[in-house]
Amino acid sequence: MLLYHGTDNLSAENIITNGVDFSKCDRFTDNARGFYLSRNKDFADERARTMTFAPHKPVVIEMYFDEEKAKKNLNIRNFDNITDEWRMFVAFNRIGLEKFDLMNSFFPNQLHNLDYKYDVVVDTPADAGISSITDKIDLILGDINNLRMPFMTCRKDILELINSINEGNVNPDAKQYSFHTDRSLKYLQNPRIINMG
C-alpha cells in the first residue's frame with residue numbers, strides 16, 4: 001500500500017537521505033512520538049501546506065508500506081472506529097509520560113503507546129480541538145497535584161473532556177498510520193518526493 005507524509009522540503013530531503021529520526025518527531029501526538037503517514041495524498045498535501053513556512057516549501061513523500069509482512073512481524077494496533085477506548089488512548093498519549101502516573105490514578109490500566117509497545121498504530125487523526133482539551137486536562141491535573149480539587153471531581157471533569165475528543169476527518173482514506181519503532185520503519189520502502197509546492 002502507498003502511504004504519504006506531508007512535510008517541508010528540507011525535512012523531506014533529510015528523510016530520503018538519512019531515514020526517519022524519531023528524536024525529531026513531536027512528543028505529544030495522538031499515538032505517541034512517531035512518524036505519521038496517511039493513505040490519502042490530498043490529506044498529506046494539506047498537512048504539508050499547513051505546517052510549512054517560508055522560505056521552505058511544502059512537500060509530500062510517498063512510501064510503500066508492506067502491510068502483509070508487517071502484520072506477521074509487528075505489533076499493530078488498529079482502531080477501526082471512534083470509541084471511548086480510542087479517546088482514552090489519544091488522551092494518554094497527548095498528556096505524555098510526565099503526567100502518566102497521575103492520569104493512571106484516575107483511569108488505571110488504560111491503553112496508551114507511551115512505551116511504544118505498538119510498532120504501528122492505525123486510526124483516525126483527532127480533530128484540531130485536541131490541544132485545547134489536553135491543555136484543560138493539564139490544568140485539572142495541576143489542581144489535583146496541588147490538592148486544590150477533590151479526586152472524584154477531577155475524575156469526572158477529565159472524563160467529560162476525554163469524551164469530547166472527536167475524529168478530525170471522517171474520510172476513511174484519511175486514516176493515519178503512525179510508526180513508532182526502528183523495526184517498523186523497515187516495512188516502509190522506496191521513499192520519493194512526489195509533490196513540491
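- No path of Ile, Leu, Val, Met, Phe, Trp and Tyr side chains, each step under 4.5 Å between heavy atoms, connects F35 with F28, placing them in separate hydrophobic clusters.
- In this structure, M63 is not a member of the same hydrophobic cluster as L10, with clusters built from ILVMFWY side-chain heavy atoms closer than 4.5 Å.
- Counting only heavy atoms from C-beta outward, the side chains of E13 and I16 never approach each other to under 4.5 Å.
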Full working for side chain to side chain contact (heavy atoms under 4.5 Å, CB included) between N166 and R87: CA-CA 8 Å; N166 284 309; R87 288 182 175 96; 3.5 Å; yes
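- Electrostatic pairing of E46 and K41 does not count as a salt bridge here, judged by no charged N lying under 4.0 Å from a carboxylate O.
- For K136, the side chain to side chain contact (heavy atoms under 4.5 Å, CB included) partners at least two apart in sequence or on another chain are L161.
- Heavy-atom neighbours of N18 CG from other residues, nucleotides or ligands within 6.0 Å: above the threshold of 12.
- Residues V59 and T52 have side chains not in contact (no heavy-atom distance under 4.5 Å, counting atoms from C-beta outward).
- A side-chain donor from one of N31 and D123 sits under 3.5 Å from a side-chain acceptor of the other.
- Side-chain contact, N81 with T83: no donor N or O sits under 3.5 Å from an acceptor N or O.
- A salt bridge between E68 and K72 is absent, with no side-chain N of the basic residue lying under 4.0 Å from a carboxylate O of the acidic one.
- If you check the side chains of T29 and Y36, you find a donor sitting under 3.5 Å from an acceptor.
- Cluster annotation: Y116 and Y177 are assigned to distinct hydrophobic clusters (Ile/Leu/Val/Met/Phe/Trp/Tyr, side-chain heavy-atom contacts under 4.5 Å, transitive).
- Taking the side chain as every heavy atom from C-beta outward, D45 and Y4 never approach each other to under 4.5 Å.
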Steps toward side chain to side chain donor-acceptor pair (under 3.5 Å) verdict (D119, Y187): CA-CA 11 Å; D119 299 294; Y187 297 87; over 6 Å; no
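- At a threshold of 4.5 Å between side-chain heavy atoms, the hydrophobic network of Ile, Leu, Val, Met, Phe, Trp and Tyr places I193 and M51 in two separate groups.
- At a cut-off of 3.5 Å, with distance as the only test, no side-chain donor of D135 or S132 sits close to an acceptor on the other residue.
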Step-by-step side chain to side chain contact (heavy atoms under 4.5 Å, CB included) determination, I165 to I82: CA-CA 9 Å; I165 296 171; I82 303 307; over 6 Å; no
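- Side chains of T134 and I95 form a contact here, defined as non-hydrogen atoms less than 4.5 Å apart.
- With hydrogens and angles ignored, the 3.5 Å screen pairs a side-chain donor or acceptor of N9 with a backbone N or O of K57.
- In this structure, F100 has its ring center closer than 6.0 angstrom to the ring center of H112.
- Side-chain contact between L141 and I158 is present, with at least one heavy-atom pair separated by less than 4.5 Å.
- Within the cation-pi definition used here (under 6.0 Å to the ring centroid, within 45° of the axis), R47 does not qualify as a partner of F43.
- Inter-residue side-chain proximity for I162 and M88 is flagged as met; some heavy-atom pair is nearer than 4.5 Å.
- Here salt bridge (Lys or Arg N to Asp or Glu O under 4.0 Å) pairs that include residues 106-118, with residues two or more places apart or in two chains, are D115-K117.
- Of all heavy-atom pairs spanning A32 and H180, the tightest one is O-CE1, 3.3 Å.
- Of the residues listed (L114, V121, D30, L111), the one engaging N93 in a side chain to side chain contact (heavy atoms under 4.5 Å, CB included) is L114, and it is the only one.
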Chi angles and distances behind the salt bridge (Lys or Arg N to Asp or Glu O under 4.0 Å) call for R155, E160: CA-CA 9 Å; R155 187 181 192 285; E160 284 179 8; over 6 Å; no
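- Atoms CE and CD1, from M103 and I140 in turn, are 9.5 Å apart once rounded to the nearest 0.5 Å.
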Step-by-step side chain to side chain contact (heavy atoms under 4.5 Å, CB included) determination, N113 to F92: CA-CA 8 Å; N113 201 31; F92 265 77; over 6 Å; no
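- Closest non-hydrogen pair, V120 versus S184, comes out as CG2-CB, 3.9 Å.
- The residues D26 and R33 are annotated as not salt-bridged, no charged nitrogen and carboxylate oxygen being separated by less than 4.0 angstrom.
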Stepwise side chain to side chain contact (heavy atoms under 4.5 Å, CB included) check, I130 with R94: CA-CA 9 Å; I130 183 71; R94 287 278 188 153; 3.4 Å; yes
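- The distance from the CG atom of L185 to the CG atom of D21 is 10.0 Å, given to the nearest 0.5 Å.
- For Q189 and D66, the side-chain atoms include no donor-acceptor pair closer than 3.5 Å.
- Under the 4.5 Å side-chain criterion, counting only non-hydrogen atoms from C-beta, C154 is not in contact with K156.
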Audit row: K99, D138, salt bridge (Lys or Arg N to Asp or Glu O under 4.0 Å) steps and yes/no: CA-CA 8 Å; K99 304 280 176 58; D138 274 341; 3.0 Å; yes
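- Side-chain N or O atoms of K175 include none that pairs as donor or acceptor with a backbone N or O of N40 at under 3.5 Å.
- Within the 6.0 Å centre-distance limit, the rings of F65 and F179 are counted as a close aromatic pair.
- With hydrophobic clusters built from ILVMFWY side chains whose heavy atoms lie under 4.5 angstrom apart, L188 shares a cluster with L74.
- Side-chain atoms of F89 and Y118, non-hydrogen and from C-beta on, do get closer than 4.5 Å to each other.
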